[in-house]
Amino acid sequence: MPAIDTVLAEQLATLARQGLRRDLRRVASPQGPHVRMEGRELRNFSSNDYLGLANHPALVEAAIRATRDYGAGSGASRLMCGTLTPHYEAEEALAAFKGTAAALIFSSGYSTAMGVIPALVGPADFVIIDKLVHACCVDAARLSGAKLRVFAHNDLNDLEQILQWATGRAELGRILIVTESVFSMDGDLAPLKPLVELKEKYGAWLMLDEAHATGCFGSNRRGLAEAAGVSSQIEVQFGTLGKAIGAAGGYVAGSRTLIDYLVNRARSFIFSTAPGPAAAAAARAGIEQVQGAEGAARAATLWQRVAEMKTELGSAGWSPQASASAILPLMVGGETEAVELSRRLRGLGFLVPAIRYPTVARGLARLRVTLSAAHTTDDVQALGEAISVFRPEPDSPGASLVA
Ligand SMILES: *Cc1c(COP(=O)(O)O)cnc(C)c1O
């Protein structure tokens, strides 16, 4: 049998040939609009820290205080050794923020999905997901053992056909629809109002991933469900504490019964050490910032920067497709080309990641520009200027690297 490293090195070489190899890069500064990476200062258009809270003094201070008062570690699973006060406080703040009876935090958004979906549906049931949901929902839907169906992206006719077919075949009558409110790699929005009407018509449950909407959408920045006026009709709202909220971890918000049930059935909650007190305290502070006047001001700045960036990109010959969020995908097409474009931009002082298979489909590689309230107009203009050198070919998603 060949040695493990021989086998793996071959596979890595294949990935590299296909433009699909990924590597970590060391950052020697906090996350923010500018980062210090490998000895250079880069303008950062890669993070999901939409409101610029990741290094906010209120969150940093809350994490330090919680560490001093409750320690660095949380000891065990909460069912084993009890729940530390910062976790309770974060959950209370979350439920109040989301307007639900209760909430539960997990160590990540990924592990939230992995715990929740298999707790809600199993082999006798159906789980129906949008084609473009995040990997965590795909993995969790598979793990659940439920009959898995995929509907075309945001296509409610397709979803209805699947619902018609599944209704009557679901032995226990359980059909779970899983979708995202803001899609992570395209930045477009789910048609939430008609989607909710449809799931009500068929008596299905809806689990909504608000990872990229929480903190950004809605008059209280609760998410797209708030903006669409459908929060109270969504059975399971979930997301991450690591994006606009500025900390780390995942959450579910919903009824008291849902949360009590998940405490008993979500395996990634039950069999995992609770997040550290610092993370929970930072999340609570982040939620407070999002809800307050500063959150409102930061969200307004974010949307202003998004509008400026769209103008810059438009005049540089790039159109960020159907985006209606702070995620602006610049379609390139080829994996190797996208990586090359990202590398050249890094050379010019900009961190803009190339998104490739398996994050998106093959041949749909792109640069993913994300904006933050912490960016300045100067940051935006500088990127616009840099990227105008690389013009996409007209009528094709392939960027010709003119420069
Ligand atoms: C980031 C993300 C997650 C996972 O959240 P983490 O806290 O990073 O694990 C889930 N869903 C979507 C759409 C995401 O973008």
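Counting convention: from 1, in listed order, for ligands and their atoms alike. We're numbering straight along the sequence, starting at 1.
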S.K.: Ignoring hydrogens and geometry, is there a side-chain-to-backbone donor-acceptor pair from Asp186 to Pro329 under 3.5 Å?
M.R.: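 The answer is no, because no donor-acceptor pair under 3.5 Å joins these two groups.
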
S.K.: Would you tabulate the polar-atom pairs, meaning N/O of ligand 1 against N/O of the protein, with distances under 3.5 Å, reported to 0.1 Å?
M.R.:
residue: ligand 1; atom: 7 (O); partner: Gly109; partner atom: N; Å: 2.7
residue: ligand 1; atom: 7 (O); partner: Thr240; partner atom: OG1; Å: 2.7
residue: ligand 1; atom: 9 (O); partner: Gly109; partner atom: N; Å: 3.1
residue: ligand 1; atom: 9 (O); partner: Tyr110; partner atom: N; Å: 2.9
residue: ligand 1; atom: 11 (N); partner: Asp209; partner atom: OD2; Å: 2.6
residue: ligand 1; atom: 15 (O); partner: His212; partner atom: NE2; Å: 2.5
residue: ligand 1; atom: 15 (O); partner: Lys243; partner atom: NZ; Å: 2.5

S.K.: Which pairs count as ring-ring contact (aromatic ring centres under 6.0 Å, His included) when at least one residue sits in residues 113-149, sequence neighbours excluded?
M.R.: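 Of all non-adjacent pairs touching residues 113-149, those that pass ring-ring contact (aromatic ring centres under 6.0 Å, His included) are Phe126-Trp165.
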
S.K.: Kindly write out the residues that satisfy side-chain contact (heavy atoms from CB on, under 4.5 Å) with Asp23, not counting sequence neighbours, or none if the list is empty.
M.R.: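 Once residues adjacent in sequence are excluded, the partners of Asp23 under the side-chain contact (heavy atoms from CB on, under 4.5 Å) criterion are Arg21.
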
S.K.: Pairs under 3.5 angstrom only: tabulate donor-acceptor contacts from the side chains of residues 243-251 to other protein residues two or more places apart or in another chain.
M.R.:
residue: Tyr251; atom: OH; partner: Lys98; partner atom: NZ; Å: 3.0
residue: Tyr251; atom: OH; partner: Thr214; partner atom: OG1; Å: 2.9

S.K.: Locate the shortest heavy-atom distance separating Arg305 from Thr377; write the atom from each residue and the value.
M.R.: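 Nearest heavy atoms, Arg305 then Thr377: NH1-OG1, 3.4 Å.
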
S.K.: Measure the acute angle between the ring planes of Phe106 and Phe269, then classify it against the limits of 30° and 60° as parallel, tilted or perpendicular.
M.R.: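 Perpendicular: the ring planes of Phe106 and Phe269 meet at over 60°.
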
